[in-house]
Engineer: 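This is the structure I have questions about; it appears just below.
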Amino acid sequence: MDRIRIRGGAPLNGRIPIGGSKNAALPLMAACLLTGDTLSLANLPHLADISTMAHLLAELGAEVEMNGDAPGGHSGRVFDLTAGEPAEKTAPYDLVRRMRASVLVLGPLLARWGEARVSLPGGCAIGTRPVDLHLDGLRSLGAEIELQEGYIHARAPGGLSGGHILFPSVSVGATENLLMAAVLARGETEIANAAREPEVADLARCLVAMGAAIEGIGTDTLRIQGTDALHGASYRVIPDRIEAGTYAVAAAITGGDLSLEGADFESMEALADILTRAGAEIGKIEGGVHVKRGAGAICGVDVMTEPFPGFPTDMQAQIMTLMAVSEGASMITESIFENRFMHVPELCRMGADINVHGASAIVRGVAKLSGAELMATDLRASVSLILAGLAAEGETIVNRVYHLDRGYERIEEKLSNCGAEVERLQD
Ligand code: UD1
């Protein structure tokens, strides 16, 4: 299994190209199941999760053609996805187990073919993550759903019909699944308390390009007029705000100065606010975002994760690492996922002073972290250990980096191009 070795202490200076958003790309790829025409998606990142989704779509009878690759640049790949009638309407356990976002094929398969079987994702490293909101929402559109032998079996023999959905709590995936189901349902659907994440808006815009009628994009109330059929479209995936945010923290933690090429500042405002209050300078520049460490030290700031436009849970581990080397203390509260503090024991092994009490962690800044051999757990926890290694004295080795490869394209290359001493060790 690959490991990453980092020799800490070098400030990061230069330019980092930001890829297409993984979390926007996954539902966009699933949307190809809504039409028999070709959906052409550009700016797809080169990541393991994207390959898993491509694999799943191929199992479901879609033709997946990779049309152009840009290994040296950040223009991303283009996929042409054409979904004919599937022989099987089943998303098997083996693929869903690898990637929870596989559940996103449920809404489109059911809406187009009146039937779908998707393995239940089961537990995962960052909490139980049920799919009840997805299933209750689909039931509101007339689906009959049974759970059999670890599978969700959804049926709507006469097609789905529009309905009113009020989510009791905000879910990105459930909003996306219901949006894809509602565009082919008969009549009007209203989704209230919808997730407002930029990735949801990106999906809605692509569905509109495919012929769907959706109002309220970017707000918490989506109104959809169902249609009989959608057509193909060409669509470009938005830049990854979490990848950009992670490199912004890398600049702040190493005392560096980075231009994040292609990053979208508007989708990063909650993070920018925290970084500014902590003493970094971050702002919009032509074609991206510029970030550098301010003149003084980084100081402790309290952070609470919330649905968009609040501070993203996918940046919680990274900001905690920055706070671990700040002057002062900070309270970090995780309000989206239970059990998302798995990076804490590893950071403490590097000398961080962090105490977890329920959903909050008290971080008392220390002057220096020291390098150590570490174990990556989930995707964002893994990258927080890389950030810690960049700031630490001495050598850090991060094991089990396959988590990292699910969400960060060529991370060691992007970091070393800006002066970091990082290398991948292949076993
Ligand atoms: C997506 C993102 C993930 C991000 C998360 C929150 C993708 C592929 N992944 O995940 O990176 O961390 O949004 O911004 O886009 N929940 C239920 N029942 C449900 C669905 C969710 O209780 O049916 C709970 C979850 O357990 C969690 C909370 O709702 O506590 C939010 O989850 P959700 O927004 O659905 O996250 P994902 O879509 O899985």
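Just so you know, ligand 1 is whichever comes first in the structure, and atom 1 is the first atom listed for that ligand.
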Engineer: Taking only Lys NZ, Arg NE, NH1 and NH2, and the carboxylate oxygens of Asp or Glu, determine whether Arg424 and Asp405 approach each other closer than 4.0 Å.
Structural biologist: yes
Engineer: Taking 4.0 angstrom as the limit and counting only heavy atoms of Ile336, give me the atoms of ligand 1 inside it, by number and element.
Structural biologist: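 With Ile336 as reference, the close atoms of ligand 1 come out as 27 (C), 28 (C), 30 (O), 31 (C).
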Engineer: Using a 4.0 Å heavy-atom cut-off, which part of Arg340 comes near ligand 1: side chain, backbone, both, or neither?
Structural biologist: side chain
Engineer: With heavy atoms only and a cut-off of under 4.0 Å, state how Leu135 meets ligand 1: side chain, backbone, both or neither.
Structural biologist: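 No part of Leu135 is near ligand 1 at this cut-off.
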Engineer: Counting only heavy atoms closer than 4.0 Å, does ligand 1 sit against the backbone of Ser171, its side chain, both, or neither?
Structural biologist: both
Engineer: Going by the order shown, which atoms of ligand 1 are within less than 4.0 Å of some heavy atom of Arg100?
Structural biologist: 39 (O)
Engineer: So, does Gln316 sit close enough to ligand 1 that a heavy atom of it is under 4.0 Å from the ligand?
Structural biologist: no
Engineer: When you compare the side chain of Ile224 with that of Glu188, does any pair of heavy atoms fall below 4.5 Å?
Structural biologist: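 A side-chain contact under 4.5 Å is absent here.
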Engineer: Can you sort out which atoms of ligand 1 are near Asp132, meaning under 4.0 Å from one of its heavy atoms?
Structural biologist: 17 (C), 18 (N), 19 (C), 22 (O), 23 (O)
Engineer: Cation-pi check, Arg117 to Tyr151: give yes when NZ or CZ is under 6.0 Å from the six-membered ring centre and within 45° of the ring axis, no otherwise.
Structural biologist: yes
Engineer: Atoms of ligand 1 less than 4.0 Å from Thr313 heavy atoms?
Structural biologist: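 So the answer, numbered in order with elements, is 6 (C), 12 (O), 14 (O).
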Engineer: Given Arg223 and Glu190, is the salt bridge (charged side-chain N to carboxylate O under 4.0 Å, His left out) satisfied, shown in steps?
Structural biologist: CA-CA 5 Å; Arg223 209 162 285 114; Glu190 186 177 84; 2.8 Å; yes
Engineer: With nothing but distance in play, are any N or O atoms of Phe337 less than 3.5 Å from an N or O of ligand 1?
Structural biologist: no
Engineer: Does atom CD of Glu266 have more than 12 heavy-atom neighbours, drawn from other residues, nucleotides or ligands, at distances under 6.0 Å?
Structural biologist: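 Yes, the 6.0 Å shell around CD holds more than 12 heavy atoms from other groups.
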Engineer: Once you restrict to heavy atoms under 4.0 Å, what part of Asp314 touches ligand 1? Side chain, backbone, both or neither.
Structural biologist: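 For Asp314, only side-chain atoms sit under 4.0 Å from ligand 1.
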Engineer: Would you indicate which of Asn339, Asn23, Asp49 comes nearest to atom 15 (O) of ligand 1 when only heavy atoms are counted?
Structural biologist: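 Going through Asn339, Asn23, Asp49 one by one, Asn23 has the nearest heavy atom to atom 15 (O) of ligand 1.
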